[in-house]
Amino acid sequence: MSSEPSMEQLLEALAAQVPSKSAEIEGLKTWKQDLERLFQFLGDRRVLIAVMEPGTFAIRYGNAAFCRLAGWEGTPLVTQSNNGWFAEAGISLLELFEDGDVKMAEQLYRRHLLHWVFKQFYQIDLDSLRLLDEPLTASMKNPKHREPKFIEFWLGSEQLKITRIDSKIDEFADVRLKLMPLAELEAWLMQPNQLANLADRLNLDNYLVEGLLLLEGVDVTVQEQIRRLTQLLIDRNSMLRPDKFERIDRCLRSLFHADGTLLLRPDGEQAQLLVAKDDQNLQPIVYSMQSLEASHFFKATAANQVWNVPDLRRECETECDRALRKMGTRSMLLVPLAVKSVTREGCGLRILGVVGLLCDRPNQFNNIDAQHAQELIPAFIAALRQAMQQRFTNIHNIHPAVEWRFAQEAERRSWGLPPETIVFAEVHPLYGISDIRGSSDERNRAIQTDLLEQFRLGLAIADAVCQTQTTHLGEQMRLDLLDYIEHLKEKVTVDMEVRAAEYLNERLEVYFDYFVQCGPTVLVAVEAYRAACDNEHNCVYSDRTRYDQMLNLIGTKLQEIWARWQEKMQQIIPHYCDIECTDGIDHMIYVGKSIDPKFSPFHLHSLRYEQLRAICDCARTVFRLQAECQINMELAHLVLVQNTTIDIFHNENTEKMFDVKGTRDIRYELVKKRIEKAVDQDAKQRITQSGMLTVVYSTEDEWEEYQQYLRYLSREGWVEAKVQTGMVESLQGVSGLKFARVRILPDTKSLAEYREVTVVTE
């Protein structure tokens with residue numbers, strides 16, 4: 001005869017230990033026979049059963065499957081009966097849940113109570129709303145597992161007895177539930193969050209709830225892991241981002257009990273292999289497609305099905321397979337990601353990539369793993385397609401006017417179609433420059449001033465040393481510094497900036513530790529030198545700082561001006577605009593039907609005129625900065641005109657967004673590069689002049705159009721009416737260009753307001 005206690009003995013023992021729970025025990029006795037038969041029938045099955053106290057969720061009984069999932073098996077928390085189920089006293093179900101799921105479980109319990117309160121006290125039957133059928137998925141802690149388990153469970157509340165302690169307290173008096181017609185009541189209850197709000201109204205302190213709750217559930221850990229991994233894969237971030245790839249790797253390892261993850265992505269004649277193993281992301285490895293032909297990857301893609309490699313050591317024919325084996329991999333589960341591809345030859349499959357699970361043990365993966373991997377294929381395809389889209393569209397900061405074409409091409413590629421070059425045919429180019437005149441000379445002057453100051457400070461140190469002591473080496477050092485100062489007065493170049501700094505460091509500063517011991521006058525001279533050089537450049541940098549500040553101020557203001565004008569110009573018609581800031585600002589605009597089908601000649605002419613107005617506004621900004629004495633630099637402005645269209649394409653092999661497409665269009669690019677330093681054929685002077693706008697053109701039609709624009713600008717007060725014209729001296733490979741030049745007028749109203757403010761301030 002078994003020495004294990006019977007169900008009856010367990011119930012009596014529990015009643016003796018917890019007298020206050022006698023009512024619950026009596027209630028449970030009425031379930032005894034049904035529970036005993038049920039638990040005997042379930043035996044070691046996967047269905048989870050637990051019996052709990054209402055309100056506290058204290059677990060009184062749980063079957064073997066439930067206790068195993070909770071990690072109680074083999075612990076003092078449970079006692080096994082001869083019916084194969086467990087008894088436990090005290091621990092609440094809520095203690096087993098992760099924090100975020102506790103509140104949901106309490107809300108589910110409240111909805112059950114709401115059902116019975118409505119039925120018992122208001123004679124309202126909510127069976128049609130199926131409140132008691134609603135399940136909850138929760139994460140359940142288990143001390144024997146590093147990661148939580150997930151259960152889906154239902155509550156059985158039919159055995160509860162609910163008594164209202166104070167019958168005068170009615171939480172729903174204002175709703176007048178009994179007066180509502182049934183159809184109206186059901187419609188009202190089905191409104192979003194209505195039932196949850198009503199359940200929250202329940203004053204639980206005013207109810208005596210007796211009896212026991214039944215929990216019925218199933219372990220859905222695998223299904224929940226697959227669901228969460230699917231959500232992770234299809235969110236907006238690329239799966240190729242290191243942080244996301246690492247999270248995907250962790251999820252896959254947990255789901256498949258794997259040691260690592262790989263992703264193989266074909267790219268033309270090559271394939272890139274990403275491997276995450278041993279808690280680190282290894283550097284991508286590139287293989288030729290030809291070298292992979294005998295690999296397990298090709299076998300998986302050829303079969304287009306989840307491919308199990310039980311033992312890599314038995315079949316290790318390619319360089320890639322051998323590399324994985326060298327990492328310690330023994331078994332793999334490969335998941336090919338294929339999409340339908342339509343070509344001229346017909347329909348077929350195109351492989352986007354292969355996902356692989358790696359394990360250091362042989363024979364790790366089975367048919368269940370293959371089924372789970374099969375479920376994840378759509379999510380992996382979506383994630384890889386999205387990654388390919390983002391990889392293509394994030395190559396550059398794509399201008400909104402052409403973003404649609406890049407998105408279109410990214411979509412094509414995400415379906416596995418071969419790449420197509422992005423081309424915008426027959427676009428009109430508008431090019432302009434606002435160039436700081438003599439910026440290199442100005443910088444050289446700043447370099448010269450700073451170096452002379454630093455050498456004079458160095459000479460003061462040498463003088464002080466020679467006055468303090470007789471030193472022939474010190475005297476020669478002093479003479480060298482005098483010679484260097486004379487050379488610096490004559491001319492300074494950028495390379496001299498570097499050489500002079502090295503000279504002072506190696507011939508003077510190296511002795512400072514000794515010099516400071518030579519006397520107080522030397523110490524004062526060294527400290528003065530060090531104080532002047534106490535900055536991030538470790539040298540005298542005052543004039544160069546002012547130069548850099550002026551350059552930055554001009555660049556910032558010009559960018560602000562162009563940003564404002566671009567908002568207005570884009571409203572005329574969407575067009576591509578690229579702006580670069582160096583010593584000034586230059587812009588490249590492309591507009592045409594291939595960018596926006598609404599394009600017309602009026603849009604082109606409007607943009608050309610606005611381009612000139614924007615440049616004049618840039619010039620006026622510089623005039624204002626000069627009047628405020630913030631800069632002493634001047635700008636020259638130029639616009640290059642071309643009536644004939646060009647074709648541009650996105651070159652993925654360069655940093656530029658667009659290159660010109662044909663030989664016919666290269667001439668325009670040559671002119672762009674060389675026109676800035678072009679010379680007047682007669683006067684032999686630069687065609688660009690400070691404070692003036694120069695228009696360069698080729699044909700009479702172009703001149704007639706821009707002559708009209710210059711007249712409009714003069715009428716608006718942007719430029720003088722007088723126009724200077726001439727021929728451009730032949731450039732290398734380019735001849736026959738002409739120019740027209742006008743002086744840009746300052747904004748007299750703005751300058752007058754500034755002068756008034758200045759006078760008042762003074």
Side-chain angles (χ1 to χ4, degrees), residues 428-442 444 558 580 582-590 604-605 607-609 611-616 618-620 622-623 633-646 660 662-714 718-746:
H428 294 267
L430 287 74
Y431 177 67
I433 312 170
S434 293
D435 178 53
I436 297 176
R437 181 51 50 89
S439 60
S440 58
D441 293 337
E442 187 65 30
N444 285 341
L558 294 182
E580 290 186 11
T582 51
D583 288 355
I585 190 171
D586 63 334
H587 61 271
M588 184 70 248
I589 293 173
Y590 297 119
L604 172 63
H605 297 154
L607 285 180
R608 283 176 169 172
Y609 185 55
Q611 176 194 23
L612 297 175
R613 298 176 79 237
I615 289 177
C616 290
C618 288
R620 285 184 169 180
V622 174
F623 294 156
M633 298 179 179
E634 295 184 330
L635 268 69
H637 312 272
L638 178 142
V639 166
L640 178 61
V641 183
Q642 176 167 309
N643 261 345
T644 55
T645 59
I646 62 175
V660 295
T663 306
R664 169 179 63 88
D665 303 328
I666 290 177
R667 178 180 181 274
Y668 184 76
E669 290 297 298
L670 291 175
V671 175
K672 274 174 55 181
K673 291 177 181 178
R674 295 167 184 166
I675 195 63
E676 181 187 349
K677 302 197 184 295
V679 174
D680 184 339
Q681 182 174 279
D682 296 328
K684 304 300 180 184
Q685 295 178 340
R686 293 268 291 272
I687 60 171
T688 56
Q689 297 292 320
S690 297
M692 301 188 76
L693 168 63
T694 302
V695 178
V696 177
Y697 60 94
S698 300
T699 67
E700 285 303 313
D701 288 343
E702 292 170 348
W703 168 234
E704 287 179 8
E705 179 182 342
Y706 274 81
Q707 186 178 30
Q708 174 180 282
Y709 297 151
L710 295 179
R711 182 165 56 87
Y712 295 163
L713 290 175
S714 175
W718 289 103
V719 300
E720 287 183 347
K722 182 182 178 182
V723 179
Q724 306 169 15
T725 59
M727 291 289 297
V728 179
E729 193 171 82
S730 295
L731 305 171
Q732 184 180 354
V734 180
S735 59
L737 295 176
K738 304 170 186 177
F739 73 89
R741 188 168 58 216
V742 291
R743 183 164 299 282
I744 300 172
L745 298 174

Legend entry - Cation-pi check, Lys738 onto Tyr697 ring (under 6.0 Å, within 45° of axis): no

Legend entry - Least distance between heavy atoms, Met588 atom then Pro429 atom: CE-CB, 3.6 Å

Legend entry - Other residues, nucleotides, ligands: >12 heavy atoms within 6.0 Å of Lys684 NZ: yes

Inset, instruction - Find the distance between CZ (Phe739) and OG1 (Thr694) and round it off to the nearest 0.5 Å. - result: 7.0 Å

Legend entry - Distance-minimising heavy-atom pair for Phe623 and Leu745: CE1-C, 4.1 Å

Inset, instruction - Keeping the roles fixed (side chain from Arg741, backbone from Ile687), state whether a donor-acceptor pair exists under 3.5 Å. - result: yes

Inset, instruction - Using modelled atom types only, decide if a donor and an acceptor are shared between the side chain of Lys677 and the backbone of Arg674 within a distance under 3.5 Å. - result: no

Inset, instruction - Answer yes or no: is there a side-chain heavy-atom contact under 4.5 Å between Val641 and Val695? - result: yes

Legend entry - Side chain proximity check, Val679 to Val728, heavy atoms < 4.5 angstrom: no

Legend entry - Euclidean distance, Cys618 SG relative to Ile585 CD1, rounded to 0.5 Å: 6.0 Å

Legend entry - Test side chain to side chain contact (heavy atoms under 4.5 Å, CB included) applied to Arg437 and Met633, Arg686, Glu442, the passing residue: Arg686

Inset, instruction - Spell out, as yes or no, whether a donor-acceptor pair under 3.5 Å connects the side chain of Gln642 to the backbone of Thr644. - result: yes

Legend entry - Check: Ser434/His637 side-chain N/O donor and acceptor closer than 3.5 Å: yes

Inset, instruction - Taking Gln689 for its side chain and Ala636 for its backbone only, find out whether a donor-acceptor pair lies under 3.5 Å. - result: no

Inset, instruction - Please report the shortest heavy-atom distance between Cys616 and Leu713, naming the atom on each side. - result: SG-CD1, 4.3 Å

Legend entry - Between CH2 on residue Trp718 and CG on residue Leu710, distance to nearest 0.5 Å: 14.0 Å

Legend entry - Reported CG-to-CG distance for the pair Leu640 and Asp586, which is rounded to 0.5 angstrom: 12.0 Å

Inset, instruction - Check the angle between the aromatic planes of Tyr706 and Tyr709 and answer parallel, tilted or perpendicular using the 30° and 60° thresholds. - result: perpendicular

Inset, instruction - Before giving the answer on side chain to side chain contact (heavy atoms under 4.5 Å, CB included), spell out for Leu737 and Ile675 the whole-Å C-alpha distance, their side-chain angles and the decisive distance to 0.1 Å. - result: CA-CA 10 Å; Leu737 295 176; Ile675 195 63; 4.0 Å; yes

Legend entry - Heavy-atom side-chain proximity of Val696 to Val639 below 4.5 angstrom: no

Legend entry - Close side-chain approach of Glu705 to Arg608, heavy-atom, < 4.5 Å: yes

Inset, instruction - With rounding to the nearest 0.5 Å, note down the distance linking CD in Gln681 to OG in Ser735. - result: 10.0 Å

Inset, instruction - Verify, without hydrogens or angle tests, whether Glu702 (side chain) and Thr699 (backbone) share a donor-acceptor contact under 3.5 angstrom. - result: yes

Inset, instruction - State whether a side-chain donor-acceptor pair under 3.5 Å links Gln611 with His587. - result: yes

Legend entry - Gap between atom CG of Leu430 and atom OH of Tyr590 - 0.5 Å precision: 10.5 Å

Legend entry - Asp435 side chain near Thr688 side chain, heavy-atom distance below 4.5 Å: no

Legend entry - Polar side-chain atom of Gln707 near backbone of Trp703 as donor-acceptor pair, under 3.5 Å: no

